[in-house]
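Reading through the C-alpha cells given below for one structure.
Side chains included, hydrogens not; waters and symmetry mates left out as well; all remaining heavy atoms used. Nothing fancy with the numbering, it's 1 onward along the sequence. Here the structure is a predicted model, which means the values were calculated and not measured.
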Amino acid sequence: MIKKGLYVSIWGIIVALTGVATLQYRLPIGPVVFIIAFIPLLGLFFAGCSFKGALPDLIFGAIDTGLLTIPALWGGTLFGVAGAIAGGVIGDALTDGIAGFLEGGIAQWLRKKGIEESREPVTTSLGKMAGCLLGSGAVLTAALVAGIKPGFC
C-alpha cells in the first residue's frame, strides 16, 4: 500500500508543480489545467491500469470539479477570495452528491455490461485526479473564451 501511495503522490506532485508554474508564469489556467489532466492518465497507463475500470472515477471527477468550478468562479468574481472559498466549499458539497450518484449509476451500468470497474487505490485516485482536471479545465477554458477573467484566468 505504501508503494502505491508513493506512486500516486509522485503523479500528484507533478500535477501540483505544473499548476504552480502555470500561475507563476501567468499562463491561461483553463487550457493548461485541461492539458495537465493527461499527467495522471499517464500514471494509469504506466501502472497498467484499465482506463475502462477508471471510467466511473473519471466521470465523477469531471462532473464534480467541473460543476464545482462554476460557483467558485462566480463567487470569486463577485466577492473575491472569500466568495471563491465559499463557492468552492458549498459547491463541493452539492457536486459530490450529484457526481457520486452518477458515478454509482455508471459503475452499475458497466458491471451489467460485463466491464469490471476498478476500485483500487491507484485507479480510483488517478482516475478522479484526471477527471477533476478535465472538468475544471473545460469550465475554466469556457470562462476564458467568454471573457470571464478573475485575476489572470
Side-chain angles (χ1 to χ4, degrees), residues 5 7-45 47 49-110 117-153:
Y7 184 79
V8 170
S9 296
I10 289 168
W11 291 102
I13 289 168
I14 295 168
V15 166
L17 291 175
T18 306
V20 168
T22 298
L23 294 170
Q24 183 176 8
Y25 293 107
R26 297 186 180 267
L27 299 173
I29 296 169
V32 174
V33 168
F34 190 82
I35 292 167
I36 291 172
F38 293 94
I39 294 171
L41 291 176
L42 280 173
L44 286 173
F45 174 76
C49 296
S50 164
F51 287 105
K52 286 181 183 178
L55 192 59
D57 300 305
L58 284 163
I59 292 172
F60 173 91
I63 292 169
D64 178 43
T65 307
L67 291 176
L68 163 66
T69 304
I70 296 168
L73 186 60
W74 178 67
T77 301
L78 294 178
F79 305 106
V81 174
I85 293 169
V89 170
I90 295 166
D92 184 52
L94 297 172
T95 60
D96 277 359
I98 294 166
F101 179 80
L102 295 172
E103 175 189 22
I106 292 163
Q108 188 175 38
W109 179 81
L110 287 171
E117 34 80 43
S118 177
R119 290 294 181 238
E120 297 176 4
V122 173
T123 306
T124 299
S125 61
L126 292 178
K128 279 191 169 57
M129 189 185 306
C132 290
L133 293 165
L134 286 170
S136 60
V139 169
L140 290 169
T141 300
L144 180 67
V145 170
I148 302 168
K149 297 180 183 179
F152 49 92
C153 184

Would you give the length of the straight line joining atom [atom1] of [X] to atom [atom2] of [Y], rounded to the nearest 0.5 angstrom?
X: Ile63; Y: Ile106; atom1: CD1; atom2: CD1; result: 5.5 Å
X: Asp96; Y: Phe60; atom1: CG; atom2: CZ; result: 4.5 Å
X: Ile90; Y: Leu68; atom1: CD1; atom2: CG; result: 11.0 Å
X: Thr95; Y: Ile70; atom1: OG1; atom2: CD1; result: 10.0 Å

So do [Y] and [X] actually touch side chain to side chain, heavy atoms under 4.5 Å?
X: Phe51; Y: Leu41; answer: yes
X: Leu144; Y: Pro31; answer: yes
X: Leu110; Y: Pro56; answer: yes
X: Ile35; Y: Leu133; answer: no

Review point. side-chain hydrogen bond (donor to acceptor under 3.5 Å, both in side chains) with Trp11: which residues, sequence neighbours excluded?
Key: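 Testing Trp11 for side-chain hydrogen bond (donor to acceptor under 3.5 Å, both in side chains), a comparison that skips the adjacent residues, returns Tyr7.
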So which atom in [X] and which in [Y] form the shortest heavy-atom distance, rounded to 0.1 Å?
X: Ala54; Y: Thr123; answer: CB-CG2, 3.5 Å
X: Gly66; Y: Val139; answer: O-CG2, 3.2 Å
X: Leu58; Y: Gly127; answer: CD2-O, 3.3 Å
X: Thr18; Y: Ile14; answer: OG1-O, 2.7 Å
X: Gly91; Y: Pro71; answer: CA-CG, 3.9 Å
X: Thr141; Y: Gly30; answer: OG1-C, 2.9 Å

Revision key, fill the gap. Tested for side chain to side chain contact (heavy atoms under 4.5 Å, CB included) against Ser136, the lone hit among Ile36, Thr65, Leu67 is Thr65
Exercise for review: Identify the residue among Leu102, Ile59, Asp92, Thr69 that makes a side chain to side chain contact (heavy atoms under 4.5 Å, CB included) with Asp64.
Suggested key: Asp92
Practice item. Could you please spell out the steps behind the side chain to side chain contact (heavy atoms under 4.5 Å, CB included) verdict for Leu23 and Ile29? Key: CA-CA 7 Å; Leu23 294 170; Ile29 296 169; 3.8 Å; yes
